[in-house]
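Predicted model only: the values in this text are computed from it and were never measured.
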Amino acid sequence: MFVRCHENYLVNPEYVSRISRYRIELTYGKVIPISEKNYTAVKTKLSHIT
């Protein structure tokens with residue numbers, strides 16, 4: 001299962017190490033943006049998974 005966090009990005013929740021304001025940090029150090037309009041929905045989806 002993947003989560004769309006931005007128009008250009010899909011994220012595999014297994015690789016998410018941290019969620020901060022409008023950013024997702026992956027386990028290997030890459031930082032992915034979260035769109036402002038989707039922030040709450042993405043955070044909710046990822047909190048249920050992780």
Side-chain angles (χ1 to χ4, degrees):
M1 182 176 135
F2 290 91
V3 175
R4 180 168 302 279
C5 60
H6 192 273
E7 182 178 301
N8 298 321
Y9 296 98
L10 288 173
V11 173
N12 185 340
E14 292 180 24
Y15 292 98
V16 173
S17 65
R18 200 170 111 187
I19 303 170
S20 60
R21 193 74 174 157
Y22 306 121
R23 307 169 92 192
I24 294 174
E25 187 175 327
L26 302 178
T27 54
Y28 53 89
K30 177 111 174 144
V31 176
I32 305 292
I34 303 174
S35 66
E36 289 184 33
K37 78 174 191 180
N38 291 335
Y39 176 74
T40 305
V42 170
K43 188 173 179 180
T44 302
K45 286 179 188 176
L46 290 175
S47 68
H48 289 295
I49 295 169
T50 56

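Judged as a ring-ring contact (aromatic ring centres under 6.0 Å, His included), the pairs with a partner in residues 5-36 (not counting sequence neighbours) are, in order, His6-Tyr9, Tyr22-Tyr39.
Between the CD atom in Glu25 and the CD1 atom in Ile32 there is a gap of 10.5 Å [rounded to 0.5 Å]. Interatomic distance, Lys45 NZ to Asn38 CG, rounded to the nearest 0.5 Å: 7.5 Å.
With sequence neighbours excluded, no residue forms a side chain to side chain donor-acceptor pair (under 3.5 Å) with Asn12. Under the rule for a side chain to side chain contact (heavy atoms under 4.5 Å, CB included), the partners of Thr44 that lie at least two apart in sequence or sit in another chain are Thr40, His48. Checked against side chain to side chain donor-acceptor pair (under 3.5 Å), Ser17 has no partners two or more places apart in sequence or in another chain. For Arg4, the side chain to side chain contact (heavy atoms under 4.5 Å, CB included) test picks out Leu10, with sequence neighbours left out.
Across Pro33 and Cys5, no two heavy atoms sit closer than the pair O-SG, 3.6 Å.
Both Met1 and Ile24 are members of a single hydrophobic cluster when ILVMFWY side chains are connected at heavy-atom separations under 4.5 Å.
Side chains of Val42 and Val11 form no contact here, defined as non-hydrogen atoms less than 4.5 Å apart. Val3 has its side chain out of reach of Val16: every pair of non-hydrogen atoms, C-beta onward, lies at least 4.5 Å apart.
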